[in-house]
Amino acid sequence: MFSALEPPSPPYSVEDKVVLITGALAAVGRKLAEALIEKGARVVLVDGSNDGSGEALSDKLNTKAEREASIYIQTDLQQLRDIQVMVDAAVLTFGRLDVLVNSAERYTDRMADEEDAERISECVDVNLRAPILATWVFARYLREAGIDGVVVNVTAMAGLLPGRGREVYGAAKAGLIHFTEATKALAPRIRVCALAPYYTEHPPGELENERLLPGHRLSAGLLSMSSYQVVVSVLRCIEDPGMAGRTLLVNGSSSYSHNVATLLSHIQMVFIVMWGLLVLFVRRVLFGKQHDAIH
C-alpha cells in the first residue's frame, strides 16, 4: 500500500491539554496563551519578570475564561534548576504537561567583535541552551508519565540566513533548528518541530539600525509580520502530526517546510528585496531629475 493512499493522521487537539510557554509576556506569548485557552487548553506562563505583570496576565486570562486556565511561573532560563522547577510546578498544578513552546529569546544586534561577552552568553543560553535543556527535562517527564508530547521551538529566519550584526543571534537560532531536525527520531513519543518567522513586530527605530545592511532593512520592512501570524503558525506546528523534525518557515503571509521548500522561500525573499531596490532606484532617479530641474 502506497503511503500516499493512507489516511492522514488526525490533527493533535489541545483541548484539555496543558501547554507551557516560555517568553509568555512577549507579544507572541500573550496572544498564544489567549488562543490556546480559547481552544480549551490550560496554560503555564513562564517568563523572568518579577514585577507582577505575569500574575496580572494570568489573572486576566482566568477571569476571561471563568476558570483556572493559567498560572505564572517566574523562571531564570539560564539556570537548569529553574527549568526543572517550571516543569515540576506545571505538573503539580495541573496534573500533567503535554506541550512545550520554547518562545523566549534574547536578541543581540552588534558585530561579534563588538558585542559584550555577557550579552553573548545570555543570547546563547536563552536562544539555544535553555530550549535544549527544557526539551530534555520535558522528555524525561513524558517517559516517566508514559504519555506523548509536543515541543515547538520558535526560532528565526536569522538561523538560516546569516547577516551582519546578528552573528551570535543567528548562530544560536541555527543551532536550535539543527537540534529540532535532529530529534525527528523521538517521534511519536515526543514530536519536536520548529517555526522560523522573519521580522516580527519590530520596535520603533529598529529598522534604522545602522548595523543592518540596506537589503536587510528593506526586507525587514517588506516581510515583517504580526504576532498573530506567528501564533497561527505555532498552532499549526502543535496540531500537525506530520511536523516531527521539521522547521516551518514563515515570510509575511506565506509558509514553507524547511525540508522541501527552503529554496522557494529564499527566492521569494530575493524577489521582494530586488523589487524593492528597483522601486527605490526608480524613485531616486525620478526625484533626482526633479531636484536637478528645480535647481
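Scope of the values below: all heavy atoms of this structure, side chains included, with no hydrogens, waters or symmetry mates. The structure displayed is predicted, hence computed values, not measured ones.
- Val101 and Val192 are assigned to two separate hydrophobic clusters, defined by single-linkage of ILVMFWY side chains at heavy-atom distances under 4.5 Å.
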Exercise answer: donor-acceptor pairs, residues 42-50 side-chain atoms, under 3.5 Å, sequence neighbours excluded:
from  : atom 1 : to    : atom 2 : distance (Å)
Asp47 : OD2    : Ala24 : N      : 3.4
Asp47 : OD2    : Leu25 : N      : 3.1
Ser49 : OG     : Asp51 : N      : 3.4
Ser49 : OG     : Asp51 : OD1    : 2.5
Ser49 : OG     : Ser53 : OG     : 3.2

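- Atom CG of residue Leu128 and atom CG of residue Leu133 lie 9.0 Å apart, to the nearest 0.5 angstrom.
- Between Gly23 and Ala104, the shortest heavy-atom distance links the atoms N-CB, 3.6 Å.
- With a 4.5 Å cut-off on side-chain heavy atoms, Glu55 and Gln74 do not count as touching.
- Cluster membership check: Met243 shares its hydrophobic cluster with Val99, using side-chain heavy-atom separations under 4.5 Å among Ile, Leu, Val, Met, Phe, Trp and Tyr.
- In terms of modelled atom types and a separation under 3.5 Å, the side chain of Thr155 and the main chain of Lys173 share no donor-acceptor contact.
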What do the steps show when you test Leu57 against Arg30 for side chain to side chain contact (heavy atoms under 4.5 Å, CB included), and what is the final call?
CA-CA 8 Å; Leu57 175 60; Arg30 290 172 178 267; 3.7 Å; yes

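- Under a hydrophobic-cluster definition in which Ile, Leu, Val, Met, Phe, Trp and Tyr are linked whenever side-chain heavy atoms come within less than 4.5 Å, directly or via other members, Val87 and Ile147 are assigned to the same cluster.
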Go through it in stages, so that I can follow the logic: the residues are Leu77 and Asp125, the test is side chain to side chain contact (heavy atoms under 4.5 Å, CB included), and I'd like the CA-CA distance, side-chain angles, deciding distance and then a yes or no.
CA-CA 8 Å; Leu77 292 174; Asp125 282 350; over 6 Å; no

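- To the nearest 0.5 Å, the span separating CG on Leu176 from CD on Glu181 amounts to 10.5 Å.
- Between Glu122 and Gln78, the shortest heavy-atom distance links the atoms CA-NE2, 3.7 Å.
- Phe138 pairs by the ring-ring contact (aromatic ring centres under 6.0 Å, His included) definition with nothing, not counting sequence neighbours.
- Trp136 places none of its side-chain heavy atoms less than 4.5 Å from the side chain of Ile83.
- We find the OG-CD1 distance between Ser233 and Ile238 to be 11.0 Å, quoted to the nearest 0.5 Å.
- Of the possible donor and acceptor atoms, one in the side chain of Asn62 sits under 3.5 Å from a partner among the backbone N and O of Ala69.
- Side-chain N or O atoms of Arg191 include one that pairs as donor or acceptor with a backbone N or O of Cys237 at under 3.5 Å.
- Looking at every heavy atom in both residues, Ile37 comes nearest to Ala65 through CG2-CB, 3.8 Å.
- Judged by distance alone, with hydrogens and angles left aside, the side-chain atoms of Tyr141 form a donor-acceptor pair with the main-chain N or O of Leu97 at under 3.5 Å.
- Of all non-hydrogen atoms in Met86 and Ile73, the two that sit nearest each other are O-CD1, 3.7 Å.
- Between the Thr180 side chain and the Gly245 main chain, no donor and acceptor come within less than 3.5 Å of each other.
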Would you sort out whether Leu100 and Thr135 count as a side chain to side chain contact (heavy atoms under 4.5 Å, CB included), showing the intermediate values?
CA-CA 8 Å; Leu100 168 65; Thr135 301; 4.2 Å; yes

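- Taking CD1 of Ile177 as the reference point, atom OG1 of Thr247 lies at 5.0 Å (rounded to 0.5 Å).
- The structure places CG of Leu186 at 10.0 Å from CG of Leu142, a figure rounded to the nearest 0.5 Å.
- The main-chain N or O of Arg236 is never found under 3.5 Å from a side-chain atom of Asp240 such that the two would form a donor-acceptor pair.
- Under the 4.5 Å side-chain contact rule for hydrophobic residues, Tyr72 and Val19 share a cluster.
- Counting all heavy atoms, side chain and backbone alike, Pro131 lies closest to Val126 at CD-O, 3.3 Å.
- The backbone N or O of Val18 lies less than 3.5 Å from a partner atom in the side chain of Asp98, making a donor-acceptor pair.
- Between Glu34 and Val231, the closest side-chain pair of non-hydrogen atoms is not below 4.5 Å.
- Ala33 approaches Leu61 most closely through the heavy-atom pair CB-CD1, 4.0 Å.
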Would Val154 and Val28 count as a side chain to side chain contact (heavy atoms under 4.5 Å, CB included) here? Give the steps.
CA-CA 10 Å; Val154 181; Val28 170; 5.7 Å; no

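- Without hydrogens or angle criteria, Ser103 side chain to Thr22 main chain gives a donor-acceptor distance under 3.5 Å.
- Note: the hydrophobic cluster containing Ile21 also contains Val152 (ILVMFWY, side chain heavy atoms under 4.5 Å, direct or indirect links).
- Between Met157 and Leu160 the shortest side-chain heavy-atom distance falls below 4.5 Å.
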